[in-house]
2 protein chains.
Amino acid sequence: MAKPKIRLLLVDDHLVVRIGLRSLLEMQPDMTIVAEAASGTAALKEFERHQPDLTLMDLRMPGMGGAETIAAIRASFPAARVLVLTTFDTDEDIFRALQAGACGYLLKNTDSEPLLKTIRAVHAGTYRLPAEVAARLAQRLAAPELSPREREVLELIVKGRSNKEVGSALGVAENTVKNHVKVILDKLGVRDRTQAATTAIQRGIVRL
Amino acid sequence: MAKPKIRLLLVDDHLVVRIGLRSLLEMQPDMTIVAEAASGTAALKEFERHQPDLTLMDLRMPGMGGAETIAAIRASFPAARVLVLTTFDTDEDIFRALQAGACGYLLKNTDSEPLLKTIRAVHAGTYRLPAEVAARLAQRLAAPELSPREREVLELIVKGRSNKEVGSALGVAENTVKNHVKVILDKLGVRDRTQAATTAIQRGIVRL
DNA sequence: CGGTAAATAGCCCGATGGGGCTAACTCGGC
DNA sequence: GCCGAGTTAGCCCCATCGGGCTATTTACCG
């Protein structure tokens, strides 16, 4: 008797991507797609119903994002294996996804061979993150994290608020904001608020 | 005898998207895909070879971007019809694509029915831009354009350079830079360089 | 040839930003 | 009960920024 196929769940809000993945993966003798979902909430339902061996998950989706979805799935099914398949590769995205329990990370513009290889490797439990990604991840872990308040201030900086405006928005003195800003600049390793804003966007710390 | 099919060229650097589109479109009785390309330069070659009725084009691609590719195609084949199919929808993207001669604009997360409908409409020449897009486009047209020099300064602002640094980078006096900055802030309708940076990124005026 | 726009450069000046420093208070952990 | 981190807030000081203004040169367009 043949080996059991890898049972896959596809989660992506892009119709054409779901079709493309389905066409590609259903052609493989050792893979079968048991369900598809176009949103995080739908993904949860489908996962519960089918308990697939492996989930291919887009990160940026309307409504519940990919990272939250992964976390939600793994809260109920700690053994769930999820492979992130996304267009973007900001450090923050990768980090949050792996933090949430993703087993791997692939960009959508990869060819079919590495894609299939990675799916099989993740399923077999032999997948290793690419060295370059691991390096960035290590750097991300080494970097000091922003406190909740600091992240709040940073978001307002990105929105172009002045220190005074941030202060009144948060109900604190301008001096307090200036202190937060100082710490933020220090932690991000930048010199001024403009650099803070752009690197925050670049690293995915704040959504634009 | 049957009506001739719509001969399509697919241009997208994402393999799964090409597969998905091909699967979806080849199922239609009135459509056929004559070629695919994963880059702008490849798209040019395939267009010349097959001269398709309609080209589906991704905008963000490594190497030659979608807008440039459209412009290059239409330089040789002014009658070429190109429908942009992309993930992003910044005003700049839309604007540049239509400026380059695109006939329409679709997001990749659209369902199959509107997608097919739009393809047929563009082919038939009856396609109209959605009112919301047209409105943004009008606004974009009303907005004063940045001069090349101003765009150059804006890019350096986004990189977090100070006026003085921008000056030495461009070989001009700081006062000159300050003048450019003033004009930029005015044209973008913002108050300071941080807002200029974030709105520039948001509108897609500069690439991050 | 005159007008317009871009790019250059200077001036003044008030507002904002950022560095360095101290110092409360609070809360959770050891 | 103390220690550390987070949040709060103040101080001084100077660099940078941004607004308002004028002016020259170049280049293009009608």
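Throughout, a chain's letter reflects where its sequence line sits, starting with A, and its residues are numbered from 1. All of these numbers come straight from a predicted model, not from anything done at the bench.
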Please evaluate residues A/E46 and A/R49 with respect to the criterion salt bridge (Lys or Arg N to Asp or Glu O under 4.0 Å), reporting the C-alpha separation (whole Å), side-chain torsions for both, the decisive distance (0.1 Å), and the verdict. CA-CA 5 Å; A/E46 295 300 332; A/R49 183 154 25 237; 3.7 Å; yes
Distance check needed: [N] [atom2] versus [X] [atom1], whole Å only.
{"X": "B/E174", "N": "D/dC17", "atom1": "CD", "atom2": "P", "result": "7 Å"}
{"X": "B/R193", "N": "C/dG17", "atom1": "CZ", "atom2": "P", "result": "12 Å"}
{"X": "A/N175", "N": "D/dC12", "atom1": "CG", "atom2": "P", "result": "11 Å"}
{"X": "A/I184", "N": "D/dA5", "atom1": "CD1", "atom2": "C1'", "result": "16 Å"}
{"X": "B/K164", "N": "C/dG10", "atom1": "NZ", "atom2": "P", "result": "13 Å"}
{"X": "B/L185", "N": "C/dA15", "atom1": "CG", "atom2": "P", "result": "18 Å"}
{"X": "A/E145", "N": "D/dA5", "atom1": "CD", "atom2": "P", "result": "15 Å"}
{"X": "B/Q195", "N": "D/dG19", "atom1": "CD", "atom2": "C1'", "result": "15 Å"}

OP1 or OP2 of [N] less than 4.0 angstrom from a side-chain nitrogen or oxygen of [X], does that happen here?
{"X": "B/T176", "N": "C/dA9", "value": "yes"}
{"X": "B/R149", "N": "C/dA6", "value": "no"}
{"X": "B/H180", "N": "C/dT8", "value": "yes"}
{"X": "B/N163", "N": "D/dC17", "value": "yes"}
{"X": "B/S147", "N": "C/dA7", "value": "yes"}
{"X": "B/R191", "N": "D/dG18", "value": "no"}

Does A/R207 pair with A/D93 as a salt bridge, N-O distance under 4.0 Å? yes
Please evaluate the base of D/dG18 for a donor-acceptor partner in the side chain of B/K178 within a cut-off of under 3.5 Å? yes
Closer than 3.5 angstrom, by distance alone: can the side chain of [X] be matched with the main-chain N or O of [Y] as a donor-acceptor pair?
{"X": "A/R81", "Y": "A/G125", "result": "no"}
{"X": "B/R120", "Y": "B/D30", "result": "no"}
{"X": "B/E165", "Y": "B/R161", "result": "no"}

Which residue lies more 5' along DNA chain D, comparing A/L170 with B/R161 via nearest heavy atoms: A/L170
Which part of the nucleic acid does B/V181 contact within heavy-atom distance under 4.0 Å: base, sugar-phosphate only, or nothing? sugar-phosphate
Parallel, tilted or perpendicular: which one describes the rings of B/F88 and A/F88, with boundaries at 30° and 60°? perpendicular
Contact nearer the 5' end of DNA chain C, comparing B/D192 with B/K182: B/K182
Side chain to side chain contact (heavy atoms under 4.5 Å, CB included) test vs A/L10 passes for just one of A/D58, A/L85, A/L25, A/V34, namely A/L25
Residues A/R96, A/E92; criterion salt bridge (Lys or Arg N to Asp or Glu O under 4.0 Å); working and verdict: CA-CA 6 Å; A/R96 275 204 279 260; A/E92 214 45 34; 3.7 Å; yes
Give every pair of a protein N or O atom and an N or O atom of nucleotides 23-26 of chain D that lie under 3.5 Å apart, one pair per line with the distance.
none

